[in-house]
Amino acid sequence: GCGKSNTSTSTPGAAGTPAAGKKINAVYFVNGTLGDKGFFDSAQRGVKQAGETLGMTVKTVEGGTNQADWPSGLESLASSGKYDVIVLGTSQMTDIIKDVAKRYEKQKFIFFDEAITGLPNVYSMTYSQNEGSFMAGAFAALVTTSTELKGANPEKVIGFIGGMDIPIINDFKAGYEQGAKYVDPAITVVASYVGDFANAPKGKELALAQYNSQKVDIAFNVAGGAGLGLLEAGNSLGKYSIGVDSNQNGLYPGSVLTSMVKAIDNSVLRALTLFSQDRLGFGKNEVLGIKEGGVGLAKDELYSKHVPKAMQDKIMDIEQKLNKGEIKVISTLK
Amino acid sequence: MNTRQAIYLEITGIIAAAIMAILCGFIVILFSSQNPIEAISSFLGGPLSGAFNIGTILNKAVPLILTGLALSVVFQSGVFSMGAEGQLYVGAFVGSLVAVYVHGLPAWILLPLVLISAMAGGALYGAIPGWLKTKWNANEIVTTLMMNFVAILTTSYLVNNVFKDSASGGFARMHYVDPAAKLGKIFTGFPAHYGVVVALLAAVVVYLFMYKTRSGYELRLVGKNSRFADYGGISTKRVVIVSVMISGALAGLAGIVEILGVHGTYKDNFSSGLGFDGIIIALLARNHPIGVVAVSLFYAYLQVGAASMQVGSDMPRELAIIIQVMLVLFVSSQAIFAYLKQKFVLRQKAVN
Amino acid sequence: MAILLEMKDIHKTYPNGTKANRGVDLTIHEGEIHALVGENGAGKSTLMKILFGLEAPTSGSILYKGQPLRFQGPKDAIKQGMGMVHQHFMLVPSLTVSENIVLGEEPVKGLFSLVRDRAKELSEIEKLIETFKLKVDPRATVETISVGQKQRVEIIKVLYRGARLIILDEPTAVLTPQETDELFESIQTLVRQGYTIIFITHKLREVMEISNRVTVLKAGKTITTLLTKETNPEEISRLMVGREVLFRVEKQPSEPKETVLSAKNLCASDDKGAPALRGISLDIRAGEVVGIAGVEGNGQTELVETITGMRKATSGTISYFGEELIGKSVAQIRAMKIGHVPEDRQTTGASLTSTIAENLILDHYRNPEFRRGPFLNKKKIKEFAKVMMDVYDVRAQNEDVMAGALSGGNLQKVVIAREISKNPKLLIASQPTRGVDIGAIESIHREIIKRRDGGAAVLLVSAELSEVMGLSDRIAVMYNGKIVAVLDNHDGLTEEELGYYMLGIKNQERKEALQ
Amino acid sequence: MLSALWSQIIDLSLFVILLRFTTPILLSALGGLIADVAGVINIGLEGLMLISAFSAIAVGSVTDSWVLGLVAGVASSMLVCYGMGFFSLKLKVDMIITGFAVNILGSGLTIFLMNKIFGVTGNYSPSGLHNIPVVRIPFIDTIPFLNKLLSGHSLMTWIAFLSVLLCVFILYKTPYGVHLRSVGEAPQAAKSLGISVNRIQYSALAWSGLFTGLAGAYLSMGMTSMFVKDMTAGTGFLALAVVLLGNRNPVGILFGSLIFGLASAIATVVQTIPGSKVPSQFIQMIPYLVTIAALVFFAIRKKKKLNDALRAQAEGAVKIAAA
Ligand SMILES: Nc1ncnc2c1ncn2[C@@H]1O[C@H](COP(=O)(O)OP(=O)(O)OP(=O)(O)O)[C@@H](O)[C@H]1O
Ligand SMILES: Nc1ncnc2c1ncn2[C@@H]1O[C@H](COP(=O)(O)OP(=O)(O)OP(=O)(O)O)[C@@H](O)[C@H]1O
Ligand SMILES: [Mg+2]
Ligand SMILES: [Mg+2]
């Protein structure tokens, strides 16, 4: 049994026991359901790790897909008074957390993926997904013009498959396009949308059409579960793809060359660690970009193995320019 | 058997069914929970523990009542519409436009104006499949199902590209509605909003309309036997159009009340199947407005129970849903009621 | 004669509490035609459903060929050599005649006997048709054939399954006299070949004509069983109804006044688009009953529907007190004091899932008298319904009973009550007594004559020649969408003569043209 | 844009996409059809497909056999159909409520099982899964045009089209098919002849489970090789629409599915043409609008036919009357 346990067996390793020596009770509220293999799952990993490494009691509550359930779902957690801190995120929750945080002043919140400022009990962090997408675009541009990679063709066309035609997805797209054009202005981006984040067969069909008929040789998945169809399509045709949110390189080694990762897990773990040490800056927002390690391309062994060395260097180079601020990435969001 | 006994039997049946379903759920829980008692008690007791949860039940029941009423009206006229979901989106969208862009009116003018425009939006959208049906006998199940997709995609396009509040970030919504148009909380500290009043009022109005007025009589007659209605000089086509429009209006009302009471603005994809829940509600309630209110409260109770079981025990969300499904199935089992009735009759006979 | 079947002290209570049988005894001899009579709701159909295994008896015993017997379902009954032709057709409309006949017992061929053997199916059925002289096209779809043919299909179905005991539940209710005659011939053929027949009917003439013995049920109990040749219709009806029943309608000669309805060159099509009315001209005057005789399917239905606005006329005019009816809506026409008793009370004349009261106010709910503000005045409506049920002797617990729970006779009284209570200047009555027991027939006939004497014009359409001849002042015969004769009803007129016109053998127009 | 579309029609890409979209819709619509014909309308196609999709890939990946996977998918779908029968036929729950319940159940149950069995949430994509094979026809494989037309389609696509023939055979050539139709149309008549209405309806649901199960297995083990939560995303409702659009007969269903498949294929192709200015939402709408248009088109034609008949007859009648 978790969550309910109010026994105060103090753990060794002191990190998880602030002032009163009571075990910290953290809860992660998912405004949706787990299992997107990306965003929510990533945060879930961070929370879990916090539970394991910091000795916190952690629990996850899924709010479901009905938006109307979220305010009451969150409020019931806040009003229960059982949790020292509530972790949640996404811009869909901003209005709700603002309302709840005002009314439950004693409740602490850690909020990811959207800036909340001016509330003394909320710490928030945002990720420059446009910067990450810029890297993905640059990477794709390098791949499609590559002569070393077997699956690459001479045509300068790269693909993008979004879950829905909505601003957050289009912010990815804008960064992706900018990155690609930065490498080679002649590149065309083919963008398609599945219409939801679940219909993997449809995602695969769209990807197949992009690869087969539009001469796309690498495509970027921004469609959650539906986008897995894209990765599979790329693999089945011997073409390339870029994963999203989590490191998806391992799904089809050699075909998923890299992934645009939002390090929500790390950042949540970091925030919880700081919280356990009573050092978390409530009332503030932190922007986590390439520099801060909040976003970036997943560079694991598979990446080292399958991506040509020259390309890796070029990517490193572009990353540095981003870090130095020599490149400014546009965002369609603000 | 008189009506009093019939009601008594009906209630006994519901309790019997609920007990059977809970037993089934309990077996499931036994196999998958460390602490089954805690799980079941948080499922059944959780929703009634505290004003907050009770208020949440009421709030959740509001859109269910309204969509349930919407569907009970069309079903009674013999039209099997599945289009409440789409009508809900269109109604909410139109109503939100008024609530967002019309300013400077006092609440007692603005709020009715918003509600009426939402109802008009839903009604007009609902009229299309009705018209296709009366004009060419186009199957309404197909047209309404397809038109749901069309409505969702169109409103999504509009809110993402035309009416988006630029401050809304990654997920589109409109600007906040005018404060005068909001449906506030009825009591401070109790989460239920004025939508509850709207829903109950709508139930009463629909009840009076269906059972006490000429048009309601015509509507029910067309549903029960359209040949008879034709023979009696009732214009069945007109009645069908009227019923789908009333239904659309109620669905639109459901949408706008959800917007004004819960969200505060129109959000992309805000309803996840409220219109489809309405179908189950209406069928469970055998299309009776009073039944719709009762069933909606029950349904909302189950949903809050499922949520509180997830919070209060180690049961995952999905299992709670499975138990909820069991409850719905058992409670709608006519056989249980028929069995009780027969027992009752036989016992009466034995007494005679 | 040997006893084939004995039913003893049968009781049946339906789940809703209706006690349909409360102690019925019935003995059937081998090779006889046994008539079963009783008022609507006396429990005849229920008894037969129990025998056939469709309903389980609450108590009682059945001996068949000396063996006690309890069927689980009709399949057992069929195996034992019983067959039942139900009161309402048990046919699948979209299947062909032959498919309906063999349903459940299809001849098969091929690997694993999976495939239907259409050739064998047809040849076997054609043999049966041949043997028993039951003319019907086995390839036709059932929804396209006439009522009489449907009845034959039902009988062939039973014969195909090798039944030796055949139950016929009101087989003649929907048949024309000719069809009835043909049916009786077939029954005689069967009995000669050793079949046993149980025959339910409301028409005592038929009982006298064909049965050997007759059992009378009343309120779920057996009153008695009589030898047909030792009894008479008067005795049977007294036993059934409990009082004397008049078979002949008492009426004075008519005194027709002004013309109420005048149709000229009326043409209309049927549901499938085929011409059904081919230039009908007809006058009806106040204070007379004009009867339409004719074999069903010759345009009677379409004529009534066209006059009442339910069907569009393709040409012609209908003047009602000088006002044109064509182009008016049903509602407008009903508001003009035209009453209409439709031929099909189950689907057109009533809403079975509505209450009796709701059925009765069909014309009145628009009436301000029954309203209170924006609402219907429930109390007034209930009172009105109570009075109507009282006046027209509708037997039911109260006005909130569902119309579908009424027996056919009572349901018909509800329809008649509604249409007559509006005080019509023109009353159109289509098959007003179909399937109704003799007591109810008497009262319905009396109502119709009362209207006529009150100065209304009455158009009566009936497949029952005795009814047309008993009630009408003038008789118009329809054949093939036309009126082929208009005859004054006098004592000299015979059914035979009408029959010639009905079958198209004789034609007044042609006769006049020849003269 | 049009030229790009045209070129893909010419090189049969559109045709291939069309076949893949048509297959699951066609199969589950056939499942809906048989139930509908027997008078037990099955709204639960969506949930059944999900359950089958999950069971198929779960068993298929564990046993390393697509055959066993397929069998498991079909069996699970049939089992749930049996449950639907229990509730609707025995406990007399409204068939539509049962259907919706199965849809809700399908989503919840698959997520729950995926989590319990494989410890993953959201999706399950086993590596090295053996998919339902693609059928290559040896000789035709070398002929240009024909190879794309006939070869290289999933086995399930062939099964789907053969299923149409099977349904025609069952419904019109076997006694059982006549029983199915009579039970759906006139249950009293069937009962009076000793046909067990319940048993026939149970069996119809079993067929429904079989075909829908095939459709579900195809989603996870043919069209893709993964299970993603809620991956049907409305396919079951589209199949339901096709059941009604197809006028309740297998050939009509085939045409309905093809119309829908074609519209989806066109939407896919149009969406992947670069530089298209039409908002994606409106392109995604194409299949739904086409379905409505097809329905209305057929309805108008039916009505017009009747009207024409009426008019012709009326003219005839006038002539007769005048004569
Ligand atoms: N399935 C049923 N459920 C409840 N009551 C029924 C049912 N079938 C018949 N009854 C009732 O049982 C009584 C006897 O009906 P039954 O059909 O046996 O009468 P009947 O003698 O055949 O009448 P009719 O001459 O009108 O055919 C009636 O009161 C009828 O309303
Ligand atoms: N389940 C039921 N509950 C109540 N009444 C029923 C039920 N089933 C049948 N009845 C009614 O019982 C009556 C007798 O049943 P039956 O099937 O013999 O019909 P009926 O013959 O139409 O009567 P009628 O001669 O008088 O034609 C019918 O009027 C029918 O509507
Ligand atoms: Mg009867
Ligand atoms: Mg009868």
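In this text the structure is predicted, and so the values were computed from the model without any measurement. Labels below follow one simple rule: chain letters A, B, ... track the order of the sequence lines, proteins then strands, and each chain is numbered from 1.
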Inset, instruction - Give a yes or no on this: more than 12 heavy atoms of other residues, nucleotides or ligands lie within 6.0 Å of atom CD of C:E324. - result: yes

Legend entry - Residues that D:R248 engages under salt bridge (Lys or Arg N to Asp or Glu O under 4.0 Å), provided they are two or more places apart: D:D36

Legend entry - Most contacts with chain D, counted as non-hydrogen pairs under 4.5 angstrom, among C:E106, C:E105, C:K75: C:E106

Legend entry - Which portion of C:V115 sits near chain D, non-hydrogen atoms under 4.5 angstrom: both

Inset, instruction - Just jot down the side-chain hydrogen bond (donor to acceptor under 3.5 Å, both in side chains) partners of C:R311, sequence neighbours excluded, or say none. - result: C:D271, C:E305

Inset, instruction - Would you mind reporting whether D:S192 and C:M84 have side-chain heavy atoms less than 4.5 Å apart? - result: no

Inset, instruction - State the CG-CD1 distance between D:L193 and C:I78, to the nearest 0.5 angstrom. - result: 5.5 Å

Legend entry - Which portion of C:F89 sits near chain D, non-hydrogen atoms under 4.5 angstrom: neither

Legend entry - Residues in ring-ring contact (aromatic ring centres under 6.0 Å, His included) contact with D:F86, at least two apart in sequence or another chain: none

Inset, instruction - Output the residues of residues 168-180 of chain D for which the shortest heavy-atom distance to chain C is under 4.5 Å, in residue-number order; output 'none' if no such residue exists. - result: D:F169, D:Y172, D:K173, D:T174, D:P175, D:V178, D:H179

Legend entry - Heavy-atom pair of closest approach, residues C:V92 and D:A189: CG2-CB, 4.3 Å

Inset, instruction - Mind running side chain to side chain contact (heavy atoms under 4.5 Å, CB included) on C:E99 and D:R181 for me, showing each step along the way? - result: CA-CA 11 Å; C:E99 284 173 327; D:R181 286 186 285 151; 3.9 Å; yes

Legend entry - Proximity breakdown for C:P107 and chain D, heavy-atom pairs closer than 4.5 Å: neither

Legend entry - Under 4.5 Å from any heavy atom of chain D - which part of C:K157: side chain

Legend entry - Over 12 non-hydrogen atoms of neighbours within 6.0 angstrom of CZ in D:F255: no

Inset, instruction - Can you tell which part of C:R118 gets under 4.5 Å to a heavy atom of chain D, answering side chain, backbone, both or neither? - result: neither

Inset, instruction - Please flag which part of C:N100 lies under 4.5 Å from any non-hydrogen atom of chain D: side chain, backbone, both or neither. - result: backbone

